[in-house]
Chemist: 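For reference, the structure I am asking about is given below.
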Amino acid sequence: MEIHMSSTSTIAAIATGLSDSGIGIVRISGPDAIKVGDRIFCSPSGKSVVRHLESHKLQYGCAVKEDRTVIDEAMAVVMKAPKSYTGEDTVEIQCHGGVLVMKKILETALKCGARLAEPGEFTKRAFLNGKKDLSEAEAVMDVIRSKNDYALISSARQLRGELGNTVRQIRKELLQEIAAIEAALDDPEHLSLEGYPEKLRVKLEEIRDKTEKLVDSAVQGRFMKEGISTVIVGKPNVGKSSLLNLLSGEDRAIVTDIAGTTRDILEENVNLHGISLNVIDTAGIRDAQDQIEQIGVEKARQYAGEADLILYVADSSLPLDENDREIFSLIKEKKIIVLLNKSDLKERISEEDIRLLAKPYLPGEGSFPVIRVSAKEKVGMEELENAIRDLFFQGDFFSHEQIVITNLRHREALQNACESVKLVLKSIENGMEEDFYSIDLMDAYRELGKITGEEVDDDVVEEIFSKFCMGK
Amino acid sequence: MPEIHEKVDICVIGAGHAGCEAALACARLGLETVIFTVSVESIALMPCNPNIGGTSKGHLVRELDALGGEMGKNIDKTFIQSKMLNVSKGPAVHSLRAQADKAEYSRQMRMTLENQDHLVIKQAEVCDLLWEEDNSLPSGEERGEGRIRKKTVTGVRTFTGAVYECKAVILCTGTYLKARCLCGESITYTGPNGLQAANHLSDSLEKLGISLRRFKTGTPARMDGRSIDYSRMEEQFGDERIVPFSFSTDPDTIQKDQVSCWLTYTNEKTHEIIRANLHRSPIYAGIIEGTGPRYCPSIEDKVVKFPDKERHQVFMEPEGLHTNEMYVGGMSSSMPEDVQLAMYRTVPGLEHCRIVKNAYAIEYDCIHAGQLYPSLEFKDIKGLFSAGQFNGSSGYEEAACQGLVAGINAAMSVFHKSPLILDRSESYIGVLIDDLVTKDNREPYRMMTSRAEYRLLLRQDNADLRLRKKGYEVGLVSEKQYHALLQKEMYIEKEMERLKHTMVGAGKEIQSFLVSHDSAPLKTAVSLGELICRPELNYQVLEEIDPERAVFARELCGKDRFPSDVIEQVEIEIKYEGYILRQKRQVEQFKKMETKRIPEAISYDEIPSLRIEARQKLKEFRPVSVGQASRISGVSPADISVLLVYLERYKKI
C-alpha cells in the first residue's frame, strides 16, 4: 500500500487584529516561509535579504509587491525551525498597522507561494510540532471564538499556561503520593506506611478543595464565554424596551442580532463593559397587547425557567398590582434584579413594597438587588453592572489571580479528578488497605493529565483535531 | 570428518528455569525438542535464593501454572516451608512464597524432563547458530522503515561439531554467556556455582546482528548451619494451612511438617566494616562493568543507599533437607573473602559462623529485549526466540514465565499459528514481557507489585480465571483441567447472584446478629451482598443468617459448602466491587490504545511532525500498537497524538 501524506504547505495570515492599530504583523510559516519572505521584503537599498537573516534578529526595510514596488516601510524577522511559534521556519513582517497595508502585504505573500492560513492553523502546527500542550492549544481556539474581552483574558491566561501549571502542580503532588504507596509495597522493609493514611488525608483534602474551586470557576467560565442568559420581564409599558435599548445603546456595546435556534424570538447579545448578556426581550411578545395574555405568561414562564438572570422591570410611578404578583410567581429560584424604572418621575412604589410582594415567591430571605433606573435619563446602568458582577462573579471578576475554566472538557476532567480524590478519602475513612488508594489516585492523576495533554486520550485528540479542521 | 547431523523441530539452549519451561511446552505440544545444557547436573538449578515466589513473583508462578507451566507443580512437590505474604494487606498484594529443597527441586524437574515424550536432554555447549539470509523480501533500504525479516534461523552447532537442524531456536542462556564471577579481587571465568561458562555463543550471536550487553547480579554466602546460633534470631514459621502454587495440586495432599527460617539484623558494626572496605568492592572500585539490579541490592548497596538506616533484615534460609547449608538472605555481596567473614560475624547469631561458599557477583552477556517482539521472537531473525536472564531479567520466576511464552510461541510459529501475547491488563506475565521489550531497562529487571497498573484484577487467587482458558486454547491445559475451571466459574457466578438477590429484613434476629458483630443495625431490608461489603462482616460470619446457603451449595456441587477457592472469589468480588469496577474502567481505556495496531510497513520518516527523538525511538523499537508506543521512553504524549492522527489518515487511504 502506498502511503501518501500531503507535504506541509506554507501558510500566511495577518497575525494581529484586523483594525487600524499601531503595528500590524503578517506571519508566514512553513518550509517555504523564507523564500516567500524574500519576495515580499527587501532592504532599504532594495536587496533581497531575508534568506541571509540571522534567526530572531529584526531587519529594517520595505514590504514590496511581487513587482518589487514598495508597499510601505517595515521590519522583518526570521525565526528558524524549531525555535518559532509553530516550530516551523517562520517569517514575520511588521508594518504600520493600517488594514490596507497589511492586506496588501498578505496578498503579495499569497501570490508568492503561501496559502491563506485557516483559523487556528498556526496553533495547530504548533501543537503538532510539540510546541504547545493540549490545554494551550485549546485556549488559542477559545481565543479565536470567544465572544468578549473577559473570555479572552481567561483564555489568554490558559495560553500562558496558568491552568496547565496549576494542574501540573496538583498532578505532581498526586504522583508523589502514588509513588510513596507503591514504593512501600515493593520495599516494606525500608519504607513504612505507618501513620501515612492520616498524612495523605490532609494532603488530599487540600487537593480536593483546590480542584473543587477550579470546578466552581467553570460555571463562571461559562458565563464569561457564552454570556449570561437574561430575560427582561414586567408589565407592558413599564419601559422594558427602552431599557433594552439603553443596554444595547451604541455608546455601550456591540449589539448582534442572533435568530434563536429553537425560539422564534430575537436574542440580543449585549456587552456591558465585558460582561456578556444574551437578552431575551419578552416585551417583544406582549407590547402589542394591552393585557397580559395567557400565551405571554406561558412564554415568560418558559424563558424564566431557562434563564440565568431575570431583570424585573417595574414602573415606579405606578402602584403594584395582581399582574406584578403573577409575574413574580413565575420567577422562583432564579437570580433576579428588580429595576424600578422611571425614577425621574414621582415615586409611587418603594423597595419595601417590592420585597413584600416578592416574599411569598422567593426562597429564604428573598434578598435581591433593587435598583432605581431611568431609561430616559440614562441613570442606574453602573449600579446594574455592579449588581450583575456581584451575582455572577462574586464581585472579583477582575481578579487576575484567578484561573477561570472556560472549557467544558477541562471542567469534566477536573470534576472527575475531584470525585476520585473523594473516593480515596472515603477509602481512608473506611480503613481500607493502602494498596487500594492507588486506583483512584491514578484516576485523578490521569484525568488531570488530560487537561495538560500529558495523558493521551484519543477521544480528545480526535475532538481537538476536528476543531482544528483537520482534513479527512 | 563425519559429524552428527540431526533434524528436530526445536532447539532450546540452556536448561535453567526458562529453558525447562520452554522445552516442556514445545515437547508437550508434540514438537521434537532438544534441550542443551553445559551440565545435566545444573538442570533447574537454583544458584541464588532457596525459594520460589514472593511478592509479585508468586503471582507469576500462579499465572505460569494457569497457562500449563511446570514451576508451580515442581515447587509443590519439593517445598519445605510455605507462606502467604502480605495477608494484612489487600488481596491484590497477597503473594505466595515457598522455601525449596534446592537439590530436590532440581532433581524433580530433571525427572519431569527425562520422562517427557518428544524431549531429549543433551549435555553440550552450543557454539553457533545456523541461519540463512532471507532473500525473498526487499532489503531494508528499499522499503524505508518497513519491517523486514533479514534472516531465518535453521539450526545450531555444538562445540564438538554436531549439527541440529531445526525450525526454531530458543535462547535461554541465563548468566552463562562469557560469565565471570567476582569475589573481591579474585575473578574466575565460570558460570554460577563454579559451573562451566559458555564462551563461544556470544560471537555467533553478534555475527547474526544481535547486540549484546553486560549485566551483573550477585548472591550471598552459604553458611554451615552448625556454626549458627539460632537462639539469637527470631524463628519464622510457615503457614498453618498450606496453599499450593499449582491450581492442579489438591491442597490436602501437600500439608506437611515444615522447616523454619530465621530472622536477624545487621548493625552499625556491620555497616562500619562495609564502609571501611568499600574501596575493595569490585563495584565501587569500578572493576565490574555490568549493571546490577537496584531492587535486589547487595548489602554494600544498601549501606550506601540508606546511610541513616541502623539495621537491615537478614534471613537465614535452609538450602534443603539433606544439607545444613544456610542461605544468608539480604546480604549478597562481592566483597573479598576476609571482609565477608568479618561483616557476617558482626550479625547476632553469626558471631562464629563458617562460610561454606563465599558470596560473589557474576557478570554475563545478555541482550536489550527491545530487539524482540512481545512474542519473544527476534524482530529481525525468524524462528529465533529468547527468554530469561538473557533477556535482561532477574529471578527464577521471571525466567520461567518467559521460557513458557517463548516455548509456546516457538511452537506456534512452527504451526503457523498466531502467537500468544498477554497484555498488561490480563497478567503480570504481560507486564513483564511488555516492560522488557518496550522499556529502556538498564539493569536486570525484577518483577514488582508496583509495575502492574491493574493489580487489583491481577490477583494471585484468580490467575486461573484469567489465564486457564488461554492455556487450554494453546494446548497445554487438559480437557479435565479446563472443565474444572468452567465449573468453578459457574459456582462463583451463581453464588454471587444468589447473595446479591437474597434480601434480609430488619428482623430481631438479624439486628441482634449485626449488633453482636459490631455492625450497624438495619433500617430497611438489604441484600446479603451489601452486608458482605461492610468491613466488619464477611462471607463466613454471615452463614448464621443465611440458611439457604448450604441447600444451594448442595444443589449445585453436592456438598454443604462451596470449595474454598470459590468462596474466596465470591467474597473478593463482592467486597471490593467498586474498586474492581473502577479498575476495569481503567483497563477499557488502556485497551483502546492497545488495540490501535501500527502497521508493520509504517514509515516514521513520513510523519512530518514527529520529534526527532521520538522518531528514532519508534524506528528502533517498532512497537506493534499505539499503546506500546506510548510506553517507550522518549516518546511523548504529543508524539502519540501525532501518531494517532497519522494512523487515522492511514486508515482512510
Side-chain angles (χ1 to χ4, degrees), chain A residues 1-8 31 82 87-88 125 127-134 178-179 181-190 193 420 423 426-427 430-436 438-440 442-443 446 449-450 452-462 464-465 468 470-472, chain B residues 55-56 85-86 88-93 295 302 305-306 309 312-313 330 446 448-451 453-456 535 576 578-580 582-583 585-586 589 592-593 596 599 601-603 606-612 614 626 630 636-646 648-650 652-653:
Chain A
M1 178 168 44
E2 188 63 36
I3 314 152
H4 180 75
M5 292 285 292
S6 63
S7 60
T8 319
E88 302 171 331
R125 293 183 173 201
F127 176 62
L128 285 173
N129 291 327
K131 303 290 285 188
K132 292 216 163 299
D133 75 22
L134 209 55
I178 294 169
I181 294 171
E182 301 289 304
L185 283 178
D186 286 330
D187 189 2
E189 187 201 335
H190 294 104
L193 286 177
S420 294
L423 284 170
K426 208 171 141 198
S427 297
N430 290 342
M432 295 298 292
E433 294 86 359
E434 291 88 358
D435 53 289
F436 283 99
S438 335
I439 295 175
D440 297 308
M442 208 57 215
D443 270 345
R446 291 218 177 102
K450 288 179 186 173
T452 56
E454 286 159 305
E455 289 286 333
V456 182
D457 178 340
D458 65 331
D459 295 343
V460 177
V461 169
E462 269 163 38
I464 302 279
F465 281 89
F468 280 149
M470 290 291 290
K472 295 266 149 109
Chain B
T55 319
S56 78
L85 307 176
N86 291 331
S88 65
K89 297 199 172 119
V93 291
Y295 303 107
K302 286 191 217 175
K305 216 169 108 188
F306 298 102
K309 202 87 185 161
H312 298 277
Q313 291 177 333
R446 178 185 166 177
M448 290 184 296
T449 313
S450 66
R451 299 195 194 267
E453 297 89 338
Y454 313 111
R455 62 169 173 259
L456 186 57
Y576 307 114
Y579 294 94
I580 291 174
R582 296 205 287 283
Q583 188 114 80
R585 274 206 295 267
Q586 292 176 342
Q589 284 302 313
K592 268 163 85 180
M593 289 299 201
K596 286 191 197 294
I602 193 167
S603 166
E606 281 181 29
I607 310 178
S609 322
L610 276 180
R611 290 173 315 114
I612 292 166
V626 177
S630 71
S636 74
D639 299 318
I640 294 301
S641 310
V642 169
L643 188 59
L644 280 170
V645 172
Y646 177 84
E648 279 297 309
R649 290 184 173 184
Y650 188 99
K652 285 171 183 139
I653 294 169

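These numbers were taken from a predicted model, which means no experiment stands behind them. We name chains A, B, ... by the order of the sequence lines, and we start the count at 1 in each one.
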Chemist: Is any side-chain heavy atom of Leu423(A) less than 4.5 Å from a side-chain heavy atom of Tyr579(B)?
Modeler: no
Chemist: Tell me, for Gln586(B) versus chain A, whether the close heavy atoms (under 4.5 Å) come from the side chain, the backbone, both or neither.
Modeler: side chain
Chemist: At what distance, to the nearest 0.5 angstrom, does CZ of Arg455(B) lie from CD of Glu182(A)?
Modeler: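 Here the interatomic distance stands at 4.0 Å.
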Chemist: At what distance, to the nearest 0.5 angstrom, does CD1 of Ile439(A) lie from CD1 of Ile580(B)?
Modeler: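 With rounding to 0.5 Å, CD1 (Ile439(A)) is 8.0 Å from CD1 (Ile580(B)).
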Chemist: Side chain, backbone, both or neither: which part of Ser438(A) has a non-hydrogen atom closer than 4.5 Å to chain B?
Modeler: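 Just its side chain gets close to chain B.
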Chemist: Quick check on Arg585(B) against chain A: is it the side chain, the backbone, both or neither that has a heavy atom closer than 4.5 Å?
Modeler: neither
Chemist: At a 4.5 Å cut-off on heavy atoms, which part of Ser636(B) comes close to chain A: side chain, backbone, both, or neither?
Modeler: neither
Chemist: So which part of Phe306(B) gets closer than 4.5 Å to some heavy atom of chain A, the side chain, the backbone, both or neither?
Modeler: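 For Phe306(B), the contact with chain A is made by the side chain alone.
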Chemist: Between Met432(A), Met442(A), Glu88(A), Glu434(A), which has the largest tally of heavy atom pairs under 4.5 Å with chain B?
Modeler: Met432(A)
Chemist: Could you tell me which portion of Asp186(A) (side chain, backbone, both or neither) has an atom closer than 4.5 angstrom to a non-hydrogen atom of chain B?
Modeler: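 The side chain, not the backbone.
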Chemist: Heavy-atom pairs under 4.5 Å with chain B are the metric here; pick the option from Gly431(A), Ser427(A), Gly87(A) that has the most.
Modeler: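 Maximum pair count with chain B is reached by Ser427(A).
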Chemist: Work out which heavy atom in Gly90(B) is nearest to a heavy atom in Asp435(A); give both atom names and the distance.
Modeler: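 Shortest heavy-atom contact: N-OD1, 3.2 Å.
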Chemist: How many angstroms lie between OG1 in Thr55(B) and CG in Leu185(A), if you round to the nearest 0.5 Å?
Modeler: 9.0 Å
Chemist: Is it the backbone or the side chain of Lys89(B) that comes under 4.5 Å from a heavy atom of chain A, or both, or neither?
Modeler: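 Both backbone and side chain of Lys89(B) come within 4.5 Å of chain A.
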Chemist: Go through Ile181(A), Ile178(A), Asp443(A) and name the one with the most non-hydrogen pairs under 4.5 angstrom from chain B.
Modeler: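 With the most close heavy-atom pairs to chain B, the winner is Asp443(A).
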